Amino acid sequence: MCEDDHSGDRSGDHGIGRRALFVTGAAAALTLGSVSFPSEAADAADASETRTVRGTLPTGSPDFVYLPVEVPDGVREIKVAYTYEKPPVPAGTAGNALDIGIFDQRGTELGGKGFRGWSGGARTEFFIRAEDATPGYIPGPVKEGTWHIALGPYTVAPQGLPYEVTITLTYGEPGAVVKPVYPPSRAKGRGRAWYRGDCHLHSWYSDGRRTPAEIAALARAAGLDFINSSEHNTHSAHAHWASEAGDDLLIMLGEEVTTRNGHVVALGTDPGTFVDWRYRARDNRFGKYARRIREAGGLVVPAHPHATCVGCNWKFGFGEADAVEVWNGPFGPDDEVSLADWDSMLVASVREGRGGRDWIPAMGNSDAHRDPDPVGTPQTVVLADDLTREAIQEGIRAGRSYVAESQKVSLSFSVAGPKGEHAGIGGRLKVDRDDPVTVTLEASGVPRCTVRFVTDQGVLHTSAVLPVSGGGVVEWRTTAQYAAYVRAEVRHEAAAGPLPGALAAFTNPIFLGRG
């Protein structure tokens with residue numbers, strides 16, 4: 001139970017009342033008493049009415065608290081502002097953090113059509129009109145009916161979370177609805193080639209600070225061929241990327257589905273696709289929304305699975321994953337854990353007799369939000385038939401890719417059998433168990449780095465330090481009996497990287513044997 005009072009500044013009546021909470025159809029959600037506005041105010045053009053709601057959420061509050069707002073006919077704009085208290089807390093104790101978003105008269109049903117925007121904790125106010133909306137929100141008519149402001153108590157201090165929400169309705173003729181324009185699903189490309197991309201980026205349409213134009217410029221400067229829009233829990237940016245695309249830059253559309261039990265990048269969905277996030281692992285709903293991503297033409301990519309921030313650690317398992325983001329931003333200890341965890345999944349795929357057919361490819365992205373976050377550090381380099389959404393996705397899904405810390409790093413990784421058979425990254429060299437196999441990595445842009453060949457048995461070969469020129473070729477010989485797969489890691493010297501042995505690049509595996 002929480003207390004809330006509804007205050008209208010037009011009348012000056014600030015009476016405080018106790019409102020009962022009741023459970024909605026969604027798990028871990030509660031609904032407050034509704035806020036009403038007088039319908040007669042619509043008779044005055046450009047008139048506005050304001051209501052303020054105050055309350056306190058206790059520790060242990062549900063994930064989402066809905067505040068219904070009865071919107072009468074004739075509303076041109078809805079505007080919402082909110083504040084909440086952040087009392088001091090002891091060291092090691094979570095303080096208050098309150099997210100916000102809104103659903104329109106079509107309701108709050110999971111996966112429904114009512115979603116109109118989400119800004120999490122990035123903004124203190126927002127508006128929606130037919131022709132425009134605050135970044136993170138979807139423009140369109142403000143229709144009559146029950147709207148719901150969604151409050152998300154991310155963390156609650158022991159003292160509770162006192163909040164205040166102010167709703168202002170402005171009446172009058174609505175503006176003209178603007179038809180969204182989306183970027184094309186193909187760029188000029190170079191035919192079958194290696195293309196560089198960064199598929200996890202944030203603009204000011206969620207909690208980033210850069211505009212799409214600024215991100216596109218940084219992507220081009222980083223040598224990228226493709227990027228993916230991945231705002232937290234909103235598709236509002238989709239209609240704002242078209243002018244930044246070009247023959248030299250493919251811009252795919254998606255979302256970072258940010259749940260309380262981990263984040264997943266919806267990579268390359270159809271324009272305008274919204275993927276719901278209001279569930280936990282215990283609700284057994286993720287499979288439904290993973291299918292939603294695929295039905296919309298996207299890939300399911302769990303992000304930073306071992307990140308240490310609250311709610312960032314991935315808890316849904318990897319049964320629905322098309323790929324996994326092993327490297328997120330500048331390489332750190334959590335990426336090292338993700339890399340080891342992914343390698344364990346590769347080992348399991350071999351030991352369970354699947355012969356590598358059901359393995360999950362890895363990728364890397366910057367997760368850049370604002371200066372000085374570098375776009376394209378790291379970047380996924382994909383062998384694709386062309387620079388189109390479908391071709392890039394197919395390359396990622398097949399594991400025909402490697403991850404590099406920058407455009408300076410280039411790798412060529414292959415294996416060869418005794419009769420001239422060859423296989424590249426993500427492929428399979430079909431040889432007998434005792435046939436000799438030669439593993440070759442050619443690298444450039446990696447001065448004073450070492451190369452490690454990693455197999456299902458562990459690290460079986462480490463090269464000498466590469467020259468300061470940054471280039472070199474490393475070879476190793478093995479058999480399918482000795483190594484069911486082999487992948488390459490290129491690591492900095494202990495003194496050169498952000499942490500001892502930090503990655504400069506790594507590849508997806510090549511499998512050995514008949515399978």
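Since we're looking at a predicted model, the values are computed, not measured. Quick note: numbers below take in every heavy atom, side chains included, and nothing from hydrogens, waters or symmetry partners. Quick note: residue numbers are just sequence positions, from 1.
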Gap between atom OG1 of T50 and atom CG of L169 - 0.5 Å precision: 8.0 Å
Enclosure of D132 CG (heavy-atom neighbours >12, cutoff 6.0 Å): yes
Main-chain N/O of E255 paired to T269 side chain as donor or acceptor, under 3.5 Å: no
W118-Y205 aromatic ring centre distance below 6.0 Å: no
Heavy-atom side-chain contact between S366 and L201 under 4.5 Å: yes
Charged N-O contact under 4.0 Å between R196 and D225: no
Non-hydrogen side-chain atoms of I396 and L299 separated by less than 4.5 Å: yes
A221 backbone acceptor or donor facing Q407 side chain under 3.5 Å: yes
Atom CZ of R106 with >12 non-hydrogen neighbours under 6.0 angstrom: yes
Beyond-backbone contact of V300 with V264, side-chain heavy atoms, under 4.5 angstrom: yes
Check: T166 and V80 side chains under 4.5 Å, non-hydrogen atoms: no
Donor-acceptor contact present, side-chain D386 to main-chain T388, <3.5 Å: no
CG on L250 to CG on D248, rounded to 0.5 Å: 10.5 Å
Charged tip of R260 within 45° of F64 ring normal and under 6.0 Å: yes
F286 and W277 aromatic centres sub-6.0 Å: no
Check: N508 and V403 side chains under 4.5 Å, non-hydrogen atoms: no
From CD (Q105) to NZ (K143), nearest 0.5 Å: 6.0 Å
Partner of D270 by salt bridge (Lys or Arg N to Asp or Glu O under 4.0 Å), out of R292, R389, R294: R389
Pi-cation contact, Y171 with R76 (under 6.0 Å, within 45°): no
Residue pair L151 / L98: nearest heavy atoms and the distance that separates them: CB-CD1, 4.1 Å
Nearest heavy atoms of D99 and G121, plus distance in Å: OD1-N, 3.1 Å
Check: P58 main-chain N/O paired with S61 side-chain donor or acceptor under 3.5 Å: yes
Stepwise side chain to side chain contact (heavy atoms under 4.5 Å, CB included) check, M345 with F318: CA-CA 9 Å; M345 289 192 285; F318 296 92; 3.7 Å; yes
CD (E70) with more than 12 external heavy atoms under 6.0 Å: yes
Steps toward side chain to side chain contact (heavy atoms under 4.5 Å, CB included) verdict (T52, E164): CA-CA 7 Å; T52 297; E164 179 178 291; 3.4 Å; yes
Residue pair S203 / E231, side-chain donor-acceptor N/O under 3.5 Å: yes
Heavy-atom donor-acceptor pair, S48 side chain to T170 backbone, under 3.5 Å: no
Side-chain touch H200/N328, heavy atoms, less than 4.5 angstrom: yes
R280/D63 ion pair, N-O < 4.0 Å: yes
Distance-only side-chain donor-acceptor flag, Q379 / D198, under 3.5 Å: no
Residues W204, I215; criterion side chain to side chain contact (heavy atoms under 4.5 Å, CB included); working and verdict: CA-CA 10 Å; W204 65 3; I215 292 172; over 6 Å; no
N/O donor-acceptor pair under 3.5 Å between E244 side chain and W241 backbone: no
Between D367 and H202: side-chain donor-acceptor atoms closer than 3.5 Å: yes
Closest heavy-atom pair and its distance - A368, P374: CB-O, 3.9 Å
For H369 against D373, the heavy-atom pair lying closest together: N-OD2, 3.0 Å
Donor-acceptor under 3.5 Å (W327 side chain, E336 main chain): no
F127 ring center within less than 6.0 Å of Y137 ring center: no
Beyond-backbone contact of L383 with S401, side-chain heavy atoms, under 4.5 angstrom: no
Mutual orientation of the aromatic rings belonging to F115 and F274 [parallel < 30°, tilted 30-60°, perpendicular > 60°]: parallel
Nearest-0.5 Å distance that lies between atom CG in N96 and atom OH in Y163: 12.5 Å
Atom pair CD/CZ of E405 and F506 - distance to nearest 0.5 Å: 12.5 Å
E256 and H263 side chains, donor-acceptor separation under 3.5 Å: yes
Residue pair T507, R487: steps toward the side chain to side chain contact (heavy atoms under 4.5 Å, CB included) verdict: CA-CA 6 Å; T507 72; R487 60 181 184 83; 3.9 Å; yes
Shortest non-hydrogen separation from Y82 to R123 and the atoms involved: CE2-O, 3.2 Å
Donor-acceptor contact present, side-chain Y66 to main-chain T108, <3.5 Å: no
Whether Y195 side chain and R192 backbone form a donor-acceptor pair below 3.5 Å: no
Salt-bridge criterion met for R51 and E49 (N-O under 4.0 Å): yes
D371 and R210 ion-paired at < 4.0 Å: yes
Within-4.5 Å side-chain heavy-atom neighbours: S338 and D341: no
Spatial distance of atom CG (N233) from atom OG1 (T258) [nearest 0.5 Å]: 4.0 Å
Sidechain-backbone polar pair: T259 side chain, G262 backbone, donor-acceptor under 3.5 Å: yes
Ion pair check, D104 and K113, cut-off under 4.0 Å: no
Taking every non-hydrogen atom, the tightest pair across A404 and V409: CB-CB, 3.8 Å
